[in-house]
Amino acid sequence: MDGPGSEPQGRLASASELVGLREQFVDRLWVGMGLVILLVVPVSLARAASTGWLPVYGWHLALGAVTVGVALTRRRLPLSFKSGLFLALLWLVGLPGLLTFGLAAAGVHWLALSALIASTLYSLRASLVLGLVAVLAVALAGAAFIMGGLPLTVDLNDYVRDPAAWGNLVLGTGAFIGVTLFAYGTYHRSTAHLLREIEHKNERIEFLALHDDLTGLPRSRLARDRLEMAIEAARRDGLRVAVLGIDLDGFKQVNDQFGHAAGDAVLREMAVRMKSELRGRDTVARLGGDEFLAILVSVDPDESIGPVLSRLVRTLCLPVPWQDEQLQVGASIGAAFYPAHGKDPDTLIRHADEAMYAAKRKGGRRFVLWEPDGQDRHPGA
């Protein structure tokens with residue numbers, strides 16, 4: 001049964017779904033990177049025609065093979081391994097390129113991307129650390145080139161005129177944007193969907209906390225809130241509020257003879273009948289067991305609700321069909337009015353209960369109006 005106690009389960013479900021989102025995000029990164037490798041590595045290797053074969057090309061070829069392998073087997077790998085390896089891959093691609101080509105290195109994009117992805121997979125602190133390390137790596141590489149500590153192995157004048165170099169830069173930039181949009185687009189859509197589901201679950205939890213799960217009627221807390229609002233409106237508009245205490249007659253016998261399933265059927269049917277006999281703006285609540293509370297708002301001071309209560313009693317006394325049986329129940333109703341019988345919810349509910357028990361003492365299947373002198377009235381009885 002759903003209810004307030006199911007909230008921790010909802011939180012656990014949401015936590016597992018967040019892990020699922022991260023796994024989907026990482027898998028998309030690997031798929032995207034695998035596609036990028038298939039496009040970029042051949043173009044990157046084509047630069048060897050102008051620069052000669054450099055160790056970085058062999059390194060990129062090896063990393064490309066690893067990337068494709070992980071992309072193909074990603075579903076069998078643990079999330080923590082895939083996440084950490086992807087960040088490492090970005091650095092293993094970007095840093096050697098930076099140390100080889102200096103300012104002409106397209107792989108610097110991947111160092112920046114590692115900081116962005118770390119913010120999603122880990123934390124803002126991890127993202128800041130990676131970002132600072134990336135900036136420091138670029139600064140140190142620049143200082144090393146400027147001071148001659150790192151020799152430039154290519155002629156940049158020739159390199160910037162090499163179509164393969166520009167093709168690598170264009171594809172690298174496009175791949176940076178493409179992988180980011182591919183992974184983050186899916187991640188954000190999935191996150192938005194998850195947030196909508198969590199909102200729906202929270203609304204359901206709140207509804208169940210305030211409503212009876214068997215009949216769908218408001219519980220006592222919500223009924224009291226509505227009664228307070230009804231009293232305030234009646235005080236402002238000079239009207240009355242009628243509070244009805246309703247208890248079913250013969251319900252225990254139905255439960256004992258036919259079982260709880262029959263009793264539940266009676267309770268659901270009684271709830272439907274009460275709501276159908278009252279106005280849409282009125283409130284019917286289940287207090288527990290076979291006890292109900294009804295709040296009739298904005299009742300005119302000159303209006304008699306005797307006919308309404310008589311009709312309600314007759315309706316609730318009709319047999320309830322259940323399987324091949326006609327279950328016989330009835331209802332005792334006690335009524336109290338604001339402001340004549342009380343000016344706060346507790347007093348009104350107590351007086352309505354007293355009148356309801358008076359109706360039971362008179363044999364049930366009737367209504368009684370509470371009177372301050374203890375002489376309860378039953379108009380038309």
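The first residue of the sequence shown is numbered 1, and numbering continues consecutively from there. Quick caveat: nothing in here was measured; it's all calculated off a predicted structure.
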Let's go through Trp110 and Leu95 carefully: what are the C-alpha distance in whole Å and the side-chain angles of both, what is the deciding distance for side-chain contact (heavy atoms from CB on, under 4.5 Å) to 0.1 Å, and is it a yes or a no? CA-CA 9 Å; Trp110 305 114; Leu95 191 58; over 6 Å; no
For residues Ala137 and Trp91, report the shortest heavy-atom separation together with the two atoms involved. CB-CZ3, 4.3 Å
Give me each pair satisfying salt bridge (charged side-chain N to carboxylate O under 4.0 Å, His left out) with a member in residues 313-334, each pair once, sequence neighbours excluded. none
Side chain to side chain donor-acceptor pair (under 3.5 Å) partners of residues 119-132, not counting sequence neighbours, each pair once: Thr120-Tyr184
Between Trp30 and Thr67, does any side-chain donor sit less than 3.5 Å from a side-chain acceptor? no
Supply the members, apart from Met229, of the Ile/Leu/Val/Met/Phe/Trp/Tyr cluster built from side-chain contacts under 4.5 Å; use none for a lone residue. none
Taking atom NZ of Lys275 and atom OG1 of Thr283, what is their separation to the nearest 0.5 Å? 10.0 Å
With the threshold set at 4.0 Å, does a side-chain nitrogen-carboxylate oxygen contact exist between Glu277 and Arg311? yes
Tell me the closest heavy-atom pair linking Cys317 and Ala331, and the distance in Å. SG-N, 4.0 Å
Inter- and intrachain pairs under side chain to side chain donor-acceptor pair (under 3.5 Å), touching residues 257-266, at least two apart: none
Do Phe25 and Leu121 come within less than 4.5 Å of each other through their side chains, counting heavy atoms only? yes
Please identify which of these residues, Arg365, Lys362, Lys360, meets the salt bridge (charged side-chain N to carboxylate O under 4.0 Å, His left out) condition with Asp249. Lys360
Carefully, step by step, assess Val297 and Ile295 under the rule side-chain contact (heavy atoms from CB on, under 4.5 Å). CA-CA 6 Å; Val297 301; Ile295 304 167; 4.1 Å; yes
Can you see which heavy atom on Gly245 is nearest to which on Ala352, and at what distance? N-CB, 3.7 Å
Presence of salt bridge, Asp256 and Lys252, under 4.0 angstrom: yes
Which heavy atom of Gly263 sits nearest a heavy atom of Asn255, and at what distance? CA-OD1, 3.5 Å
Decide side-chain contact (heavy atoms from CB on, under 4.5 Å) for Ile117 and Phe86; before the verdict, give the C-alpha distance in whole Å, the side-chain angles of both, and the deciding distance to 0.1 Å. CA-CA 9 Å; Ile117 291 174; Phe86 190 83; 3.4 Å; yes
Cluster membership besides Leu136, Ile/Leu/Val/Met/Phe/Trp/Tyr side chains within less than 4.5 angstrom, sorted by chain and number, is Leu140
Rounding to 0.5 Å, atoms CH2 (Trp370) and CG (Leu348) come to a distance of 9.5 Å
May I ask you to decide if Tyr338's main-chain N or O and Arg240's side chain share a donor-acceptor pair within less than 3.5 Å? no
Quick one: do Arg236 and Glu232 make a salt bridge, cutoff under 4.0 Å? no
Given side-chain contact (heavy atoms from CB on, under 4.5 Å), test Ile231 with Asp344 step by step and report yes or no. CA-CA 8 Å; Ile231 291 173; Asp344 62 87; 5.6 Å; no
Name all pairs fulfilling the salt bridge (charged side-chain N to carboxylate O under 4.0 Å, His left out) condition that reach into residues 78-97, sequence neighbours left out, sorted by first residue then second. Glu23-Lys82, Asp27-Lys82
Taking only Lys NZ, Arg NE, NH1 and NH2, and the carboxylate oxygens of Asp or Glu, determine whether Arg350 and Asp353 approach each other closer than 4.0 Å. no
